[in-house]
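Reading through the structure tokens given below for one structure.
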Amino acid sequence: MQEGVESQRRFVADASHDLRTPLTVMRSEIDVGLESPHLSEREARALLESNRNEVEQMARMIDNLLTLASIENGQLELLRSPTELQALAREVVEDLRTLAAATGVRISASGDTASVVADRERLKQVLTNLVENAVKYAGADAQVRVSSWQHDGEVGFTVTDTGPGIPAEAIPHLFDRFFRVDASRSSARQGSGLGLAICHDIIEAHGGRIWVEGQEGDGSSFAIALPTG
Ligand SMILES: Nc1ncnc2c1ncn2[C@@H]1O[C@H](COP(=O)(O)OP(=O)(O)O)[C@@H](O)[C@H]1O
Ligand SMILES: [Mg+2]
């Protein structure tokens, strides 16, 4: 119980901090815009684009918070419909392209067409969390690839990056709530250690699997697989 209270307290603090950061960035950019007497069209556009990135980041965080609330209430209901994974992969890559460009990460989608009856919005949230992590933790000059596949009665996604990878001892805890690898490495980046736990719960609700491969120092490869039958 005590542990529950403590993690809830930490969660509220982390989530508030994470939502506050993009707001602070936006406010200072808006102030710069308002205080510049002769803002060129190019400068105005750059400001708006940056603000748009911050708004999108906040929207992703709020989606995760809402999903977490549904999970906590035991109400993670799936709205299943035929879902095409290759199209979904392209959509997520497009949505995160400006975020990736801002951090110098190259991002691409490829792979097979693969259809499954699933909750499209929840799957999109899972893939978005995985790709956002890859972009966030892989570092400048990294490459992130998303591929869709079908194999042996399953369909899935694999998200591969050329970043630092995950230390072997961290792998068993990676999908736990609040777990972050090497607090010092992660603390420079926003996050509460909830993204992968939410991915795990969404995939579990679909009767699927989620896992990570790769060696420390040699990139990571996160994959999900869903049964088609
Ligand atoms: N692609 C990746 N490369 C390296 N480390 C990663 C990657 N994805 C996740 N991690 C590590 O796993 C931790 C947990 O990820 P996540 O649950 O999404 O939480 P958050 O991103 O909020 O820290 C991250 O803090 C990071 O240390
Ligand atoms: Mg994350």
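We're numbering straight along the sequence, starting at 1. Each ligand, and each atom within it, is numbered from 1 in the order the structure gives.
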For ligand 1, is there an N or O atom under 3.5 Å from any N or O atom of V181?
yes
Any donor and acceptor pair, going by atom type alone, linking the side chain of Q150 with main-chain N or O of T113 inside 3.5 Å?
yes
Walk me through it: do L174 and F179 pass the test side chain to side chain contact (heavy atoms under 4.5 Å, CB included)?
CA-CA 6 Å; L174 204 59; F179 181 81; 4.0 Å; yes
What part of L130, side chain, backbone, both or neither, has a heavy atom within less than 4.0 angstrom of ligand 1?
neither
D112 side chain vs A114 backbone, donor-acceptor pair below 3.5 Å
no
Around the Mg ion (ligand 2), list the protein N/O/S atoms within a radius below 2.8 Å, excluding water molecules.
N133 OD1
Quick one: does K136 get within less than 4.0 Å of ligand 1, heavy atoms only?
yes
Would you please test T98 and N53 for side chain to side chain donor-acceptor pair (under 3.5 Å) and show each step?
CA-CA 7 Å; T98 45; N53 276 342; 2.9 Å; yes
Which option wins on minimum heavy-atom distance to atom 16 (P) of ligand 1: N64, V135, L196?
L196
May I ask you to list the atoms of ligand 1 that are less than 4.0 angstrom from any heavy atom of N133?
8 (N), 9 (C), 15 (O), 16 (P), 18 (O), 21 (O)
Side chain, backbone, both or neither: which part of F222 comes within less than 4.0 Å of ligand 1 when only heavy atoms are counted?
side chain
Side-chain heavy atoms of E154 within contact of W149, under 4.5 Å
yes
Looking at G193, G219, A170, G195, the heavy atom closest to atom 22 (O) of ligand 1 belongs to G193
Clusters formed by hydrophobic residues whose side-chain heavy atoms approach within less than 4.5 Å: which one holds L79, and what are its other members?
none
For ligand 1, the portion of N129 having any non-hydrogen atom under 4.0 Å away
neither
Enumerate the atoms of ligand 1 whose separation from the nearest heavy atom of L174 is less than 4.0 angstrom.
12 (O)
Would you say S221's side chain and T160's backbone share a donor-acceptor pair under 3.5 angstrom?
no
Considering distance alone, does some N or O of P164 sit under 3.5 Å from an N or O of ligand 1?
no
Using the rule that two of Ile, Leu, Val, Met, Phe, Trp, Tyr join whenever any of their side-chain heavy atoms come within less than 4.5 Å, decide whether V25 and I30 are in one cluster.
no
Run the side-chain donor-acceptor check on residues 42-49: report pairs under 3.5 Å with partners two or more places apart or on a different chain.
| from | atom 1 | to | atom 2 | distance (Å) |
| --- | --- | --- | --- | --- |
| E43 | OE1 | S40 | N | 2.8 |
| E43 | OE1 | S40 | OG | 3.2 |

Under the 3.5 angstrom rule, does the side chain of T162 hit a backbone N or O of Q143 as a donor-acceptor pair?
yes
Please could you name the atoms of ligand 1 that S192 approaches to less than 4.0 Å, counting only its heavy atoms?
22 (O)
From the options F175, Y137, F178, F179, select the one whose nearest heavy atom is closest to atom 21 (O) of ligand 1.
Y137
Whether the side chain of R106 engages the backbone of D141 through a donor-acceptor N/O pair (distance < 3.5 Å, no angle test) should be reported.
yes
Which atoms of ligand 1 are found less than 4.0 Å from any heavy atom of L194?
17 (O), 19 (O)
Among I71, I198, L196, find the one that has a side chain to side chain contact (heavy atoms under 4.5 Å, CB included) with R177.
I71
Pairs satisfying side-chain hydrogen bond (donor to acceptor under 3.5 Å, both in side chains), at least one member in residues 116-134, at least two apart
R60-E132, N64-Q125, N64-N129, T67-R122, T67-Q125, E91-R120, E91-K124, D95-K124
Should A134 be listed as contacting ligand 1, given a heavy-atom distance under 4.0 Å as the test?
yes
